[in-house]
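Heads up: the structure comes next, in structure tokens.
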2 protein chains.
Amino acid sequence: MDSRSKILNAASQLFLEGGGSALSVRAISKRAGLSTIGIYSHFQGKQGILDALYIEGFNLVREAMDVVPEGKANKAQVLQSCLGYLNVGEQHEAHYRLIFGESDAGYQPSEEAIEARNSAFSKLVRVAGSYLPDSSSVSERRQIALDVWAIVHGYVSISHHVTSSNDSDLDWKAMAIRVVEVQLDAARERFK
Amino acid sequence: MDSRSKILNAASQLFLEGGGSALSVRAISKRAGLSTIGIYSHFQGKQGILDALYIEGFNLVREAMDVVPEGKANKAQVLQSCLGYLNVGEQHEAHYRLIFGESDAGYQPSEEAIEARNSAFSKLVRVAGSYLPDSSSVSERRQIALDVWAIVHGYVSISHHVTSSNDSDLDWKAMAIRVVEVQLDAARERFK
DNA sequence: TTCTAATATATAACACTGTTATATATCAAT
DNA sequence: ATTGATATATAACAGTGTTATATATTAGAA
């Protein structure tokens, strides 16, 4: 295996084990059995490592929403995409925290990383937008996608931060799905 | 002014100027004109500084929602509280990012800090819950409050992270208010 | 093969970070 | 005025990301 892959594997391992705070340059290179220099020759320093994981994260989100065929979607299919998003938030907490800036206070995604985020959002625009009437404009489709995104992200984020004893077994995903459904109905009514 | 206040003022200044990444122990003590030791005698190290700012942040949120009299609230009043929350997210971005873990990857709020968060959420339970029928249970009130919180937080968080050229002048607050209103109507219908 | 050039990896240092052991200064009470 | 307690300062330690320098390693040409 080439050094680049060794580094990326080591970084992924540490990231999944301990989140962003476990990702030090020296820890990564030690796990990879290499010196620290490869992180700067094969990546652009720690920023490059975080970019790679950020892109992984948004690709997970995009793929999780990509569970319905392209074209017109019914309500259940839109909700199925939302459930995919919510599952990523639950099962890939480290990646999810990274893509929303909780893993490294200084990290700013690169242009390439932002492209991965835009690609995931475009997927959501197609899925959620396809539930609107065919005559709906692009901005209307983007609007409903933003609404859906804000809702599901809100629940994922809150669920990551509120872990009080009573609330720990709340069904965040069902709550989010219910709110999205109400919003979808309202949007279709508004644009019909 | 006593040393503790000097330190806290210096920390607040740096925090507002440059966010969490500007908050180093040495930078704080230099700004305060003191040595670093006070941060460990008057606070519990950097954790204590972050706790103080975290509490400030959730107090801002609680006060921003405390714009309607206690007791039964109408829809406009609930939405007014939500607008207060959204304004805090917009105008106190540094504090808002801190209370959702974006300022320091290692920071975990102390018990006292979590009390401030719970206090803010309790406010939201009273405000949003008071829009439900009087017969509504505590868990129903907590449920609608959680829904409202997830929605408004979702928009605040997304607005902080999505700053694409086209979307930068979107009216996030109006979008959030509209979604909350739809949800309030649905909740009242569900519980009537 | 042997030499050369380019690439890859390693080492050590620099300027940071949070923290703490030690030392000094300041102040209150006997 | 002296003692005891508290507050502040200094310096060191282990950790962080980064980079200049040095050393291997590899590829291609004579």
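Sequence lines set the chain letters: A, B, ... in the order given, protein chains first and strands last, and positions in each chain run from 1. It should be emphasised that the depicted structure is a prediction, and the values quoted were computed from it without experimental measurement. Below, all heavy atoms of this structure are taken into account, side chains as well, without hydrogens, waters or symmetry copies.
A centroid separation of less than 6.0 Å is found between the aromatic rings of His153(B) and Tyr96(B). Separation of the His95(B) and Phe58(B) ring centroids does not fall under the 6.0 Å cut-off.
Applying the 6.0 Å contact sphere to CD of Gln91(A) captures more than 12 heavy atoms from other residues, nucleotides or ligands.
Atom-to-atom, OH of Tyr40(B) to C1' of dA11(D) comes out at 14 Å; the value is rounded to the nearest Å. Separating the CD1 atom of Ile39(B) from the P atom of dA9(D) is a distance of 11 Å, rounded to the nearest angstrom. Atom CD1 in Ile37(A) sits about 9 Å away from atom C1' in dT18(D), given to the nearest Å. In this entry the distance linking NZ of Lys46(B) with P of dC16(C) reads 15 Å, nearest Å. Straight-line distance from the CZ atom of Phe43(B) to the C1' atom of dG18(C): 16 Å, rounded to whole Å. For Leu50(B) and dG18(C), the CG to C1' distance is 11 Å, given to the nearest whole Å. Distance, Lys6(A) NZ to dT9(C) C1': 11 Å, rounded to whole Å. If you measure from atom CD of Gln47(B) to atom P of dT20(C), you get 12 Å, rounded to the nearest angstrom.
Contacts of Gly45(B) with the nucleic acid, taken as non-hydrogen atoms under 4.0 Å apart, involve only primed sugar atoms and P, OP1 or OP2. Among the atoms of the strands shown, none is found under 4.0 Å from any heavy atom of Ile28(A).
The base of dG15(D) does not come close enough to the side chain of Arg26(A) for any donor and acceptor atom to sit less than 3.5 Å apart.
OP1 or OP2 of dT10(D) has not a single side-chain nitrogen or oxygen of Ser35(B) nearer than 4.0 Å. Regarding contacts with the backbone of dT8(D), a side-chain N or O of Ser3(B) is found under 4.0 angstrom from either OP1 or OP2.
Nearest nucleotide to the Thr36(A) side chain, out of dT11(C), dT16(D), dT8(D): dT11(C).
Salt-bridge check for Arg97(A) with Glu102(B): failed, with every basic side-chain N at 4.0 Å or more from each acidic carboxylate O. Between Arg190(A) and Glu140(A), no side-chain nitrogen of the basic residue sits less than 4.0 Å from a carboxylate oxygen of the acidic one, so the salt-bridge criterion is not met.
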